[in-house]
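Residue numbers start from 1 in every chain, and the chains themselves are labelled A, B, ... in the order their sequence lines are given, proteins ahead of strands.
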There are 2 protein chains.
Amino acid sequence: MVARYELIADELRGEILSGVHPVGSQLPSESELAARHGAARGTVRQAVAVLAAEGLVGSRQGARRIVLGTARSQSFAELHSFAEWARANGYRYGGQVIAQRRRPPTPAEAARLGSGEVLDVLRLRTLEDEPVLLERTAYAEWIAGAVEKLPPGCGSVTEALYESAGLVFAYGEHLIDAVPASTRDARLLGVRRGSPLLRQRRVTTTHEGRAVECSDDRYRAGSVAFSIRNSIGANPLVRHAGDLRFGA
Amino acid sequence: MVARYELIADELRGEILSGVHPVGSQLPSESELAARHGAARGTVRQAVAVLAAEGLVGSRQGARRIVLGTARSQSFAELHSFAEWARANGYRYGGQVIAQRRRPPTPAEAARLGSGEVLDVLRLRTLEDEPVLLERTAYAEWIAGAVEKLPPGCGSVTEALYESAGLVFAYGEHLIDAVPASTRDARLLGVRRGSPLLRQRRVTTTHEGRAVECSDDRYRAGSVAFSIRNSIGANPLVRHAGDLRFGA
DNA sequence: TAGTGGTCTAGACCACTGT
DNA sequence: CAGTGGTCTAGACCACTAG
């Protein structure tokens with residue numbers, strides 16, 4: 001069942017991407033869109049709210065909505081899963097488990113995943129056959145068994161866990177900063193020790209709020225960048241001083 | 001005029017932060033909240049939509065909403081303006097113009113700011129009296145005059161431009177990655193050459209979609225991190241390969 | 001099956017924009 | 001001033017969850 005407002009949003013998005021409403025131009029008024037689609041104004045407002053959340057259009061009270069751009073923010077899956085992002089963008093990608101063991105959680109991990117043992121996995125991911133990402137992930141005990149059953153060359157852990165355990169990653173919290181490569185990082189990624197790495201630390205939970213994993217992902221400089229579009233009305237990105245929330 | 005749904009959202013947020021609704025617990029149903037506040041259900045839905053956008057609560061059709069966390073995403077202003085972010089978090093901060101001149105735009109800047117001359121400003125920002133951020137900003141010609149009138153030790157450029165020119169930054173596009181410090185970066189920030197810097201490149205526009213500035217901001221490693229909360233439903237962050245959209 | 005959130009309607013009034 | 005988006009109401013039906 002596809003909602004009415006989604007259909008209207010899709011049609012408007014198509015018109016924006018195809019140039020019917022060029023960047024900088026005004027969108028039709030809500031009343032006009034409502035009449036055209038035979039829908040109530042509230043439904044049209046839901047549709048344009050979708051486009052506003054995607055950063056395509058902006059609005060000010062009293063004035064027509066304006067087309068801001070054509071670049072669309074992508075899905076949660078693309079942020080969470082390296083494989084899904086790479087495939088969606090047409091890149092060749094791969095992955096290999098370098099080390100895997102159970103161990104007691106650090107205090108920071110225990111606070112998020114519970115006090116049971118965690119499964120610590122070190123994975124090296126490649127893009128276009130070049131090593132670009134080193135993933136250090138601690139899985140909560142309740143999912144560790146399913147992770148251990150995955151093949152070491154598994155391309156997409158997210159998809160494999162969905163298929164084998166029905167696990168859906170639903171919410172994420174991410175901290176992004178820059179760190180120098182350690183000796184081991186440098187060797188695995190093929191860079192010099194101390195050279196810049198883009199670090200993404202994250203905690204992911206199911207939609208029930210159950211924590212699944214804590215991860216420390218390090219990208220080789222120049223291989224990947226993170227992009228954000230925001231507006232004065234709403235944005236999800238926050239700057240933090242130092243190393244606050246993820247512990248040592 | 002404060003909207004009704006904002007008041008309801010504020011009250012609910014306060015109850016979440018103060019522990020009335022602990023993390024993992026269920027929120028009251030929409031009908032109950034509507035009855036309690038004497039408001040229509042639609043108004044209550046607007047209120048909880050605010051909390052969902054902040055990442056505080058999650059929802060699934062048919063089940064009660066669940067409290068996901070207590071960390072709140074901050075405003076656009078805090079992402080855009082170093083000074084506003086620093087002040088909101090109680091840090092001592094400062095800034096100093098190191099160099100300022102007019103020059104022709106690079107091709108990438110011309111595509112965004114127009115083909116007129118740009119005003120190129122190099123600023124060093126401090127946090128707790130330590131140099132942490134090097135800002136290289138190209139202002140569009142139409143705002144350059146107002147920027148040149150600012151004092152070189154101006155703490156908040158965003159606020160000063162609002163007061164002197166009525167300028168409101170409304171939309172931003174940001175690319176975040178890691179780069180090694182150049183010789184000049186290193187000297188100004190007090191780090192070794194080649195050491196990691198967290199880079200934020202951004203383009204900011206007014207709410208009419210008029211581009212104001214392109215900037216390349218570099219943070220000393222360890223001084224600042226960016227934080228993002230997202231959900232499977234919506235998120236604004238995208239990963240990019242290499243150096244795509246901002247040109248050379 | 002009862003309760004909940006997701007969607008939708010058809011109105012209404014207000015604040016703001018642009019002419 | 002007319003037109004527009006922002007807010008709000010009081011209903012309705014449906015899809016889904018949970019007991």
Side-chain angles (χ1 to χ4, degrees), chain A residues 1-12 21 24-53 55-68 166 168 170-171 206-210 231-234, chain B residues 1-12 21 24-53 55-68 166 168 170-171 206-210 231-234:
Chain A
M1 185 54 193
V2 179
R4 185 87 176 269
Y5 75 87
E6 289 282 4
L7 298 176
I8 299 176
D10 288 345
E11 182 177 324
L12 273 174
H21 305 301
S25 69
Q26 294 184 335
L27 238 49
S29 74
E30 294 176 358
S31 341
E32 188 183 331
L33 289 171
R36 181 191 306 174
H37 291 90
R41 194 180 145 216
T43 307
V44 169
R45 281 180 65 80
Q46 268 187 290
V48 294
V50 171
L51 301 186
L56 295 184
V57 305
S59 67
R60 302 140 63 204
Q61 189 175 65
R64 284 274 181 98
R65 287 194 166 76
I66 290 180
V67 178
L68 292 174
V168 176
Y171 299 98
T206 67
H207 56 207
E208 294 93 358
R210 194 175 191 194
S231 74
I232 204 170
Chain B
M1 186 55 193
V2 179
R4 185 88 176 267
Y5 74 87
E6 289 284 4
L7 298 176
I8 299 176
D10 288 345
E11 183 176 323
L12 272 174
H21 304 299
S25 68
Q26 294 184 335
L27 238 47
S29 74
E30 294 176 357
S31 343
E32 187 182 333
L33 289 172
R36 183 191 303 174
H37 290 90
R41 195 181 146 217
T43 306
V44 168
R45 280 180 66 79
Q46 269 187 288
V48 294
V50 171
L51 301 185
L56 294 184
V57 305
S59 68
R60 302 140 61 203
Q61 188 176 66
R64 285 274 182 99
R65 287 194 166 76
I66 290 181
V67 178
L68 292 175
V168 176
Y171 298 100
T206 66
H207 55 207
E208 293 93 359
R210 194 176 190 191
S231 75
I232 204 170

Is any N or O donor-acceptor pair between the side chain of A/Arg64 and the base of C/dG18 shorter than 3.5 Å? no

Sidechain-backbone polar pair: A/Arg4 side chain, A/His37 backbone, donor-acceptor under 3.5 Å: yes

So, for A/Ile8 and A/Ala39, which heavy atoms are closest and what is the spacing to 0.1 Å? CD1-CB, 4.2 Å

For B/Arg45, which contact category applies under a 4.0 Å heavy-atom criterion: base, sugar-phosphate, or nothing? base

Pairing partner of D/dG5 (Watson-Crick or G-U wobble, both distances under 3.5 Å): C/dC14

Nearest-angstrom distance from the residue atom CG of A/Leu33 to P of D/dT4: 11 Å

Are any non-hydrogen side-chain atoms of A/Glu30 and A/Leu33 less than 4.5 angstrom apart? no

Whole-Å distance separating the CD atom of A/Gln61 from the P atom of C/dC14: 13 Å

Could you work out which one of C/dT9, D/dT4, D/dG6 sits closest to the side chain of A/Ser29? D/dT4

Tell me the interatomic distance from A/Gln26, atom CD, to C/dT17, atom P, rounded to whole angstroms. 14 Å

Quick one: is A/Tyr5 getting a side-chain N or O under 4.0 Å of the C/dT7 phosphate, OP1 or OP2? yes

By nearest-nucleotide position on DNA chain C, the 5'-leaning member of A/Ala39 and A/Ala63 is A/Ala39

B/Arg41, nearest nucleotide to its side chain (from D/dT7, C/dA10, C/dG6): C/dG6

Check A/Val48 against A/Val57 and note the closest heavy-atom contact, atom names and distance. O-CG2, 4.2 Å

Atom pair distance, as rounded to whole Å: CD in B/Glu6 and P in D/dG6: 13 Å

Nearest-angstrom distance from the residue atom CD of B/Gln46 to P of D/dC8: 6 Å

Does any donor-acceptor pair link the side chain of A/Arg4 with the base of C/dG6 at a separation under 3.5 Å? no

Starting at CD1 of A/Ile66 and ending at C1' of C/dG18, how long is that distance when rounded to a whole Å? 12 Å

Least distance between heavy atoms, A/Arg64 atom then A/Pro28 atom: NH1-CA, 4.0 Å

Whole-Å distance between D/dC16 P and B/Arg65 CZ? 17 Å

Just how far, in rounded Å, is C1' of C/dA10 from CD of A/Glu30? 15 Å

Does A/Thr43 have a side-chain nitrogen or oxygen under 4.0 Å from the phosphate oxygens OP1 or OP2 of C/dT9? yes

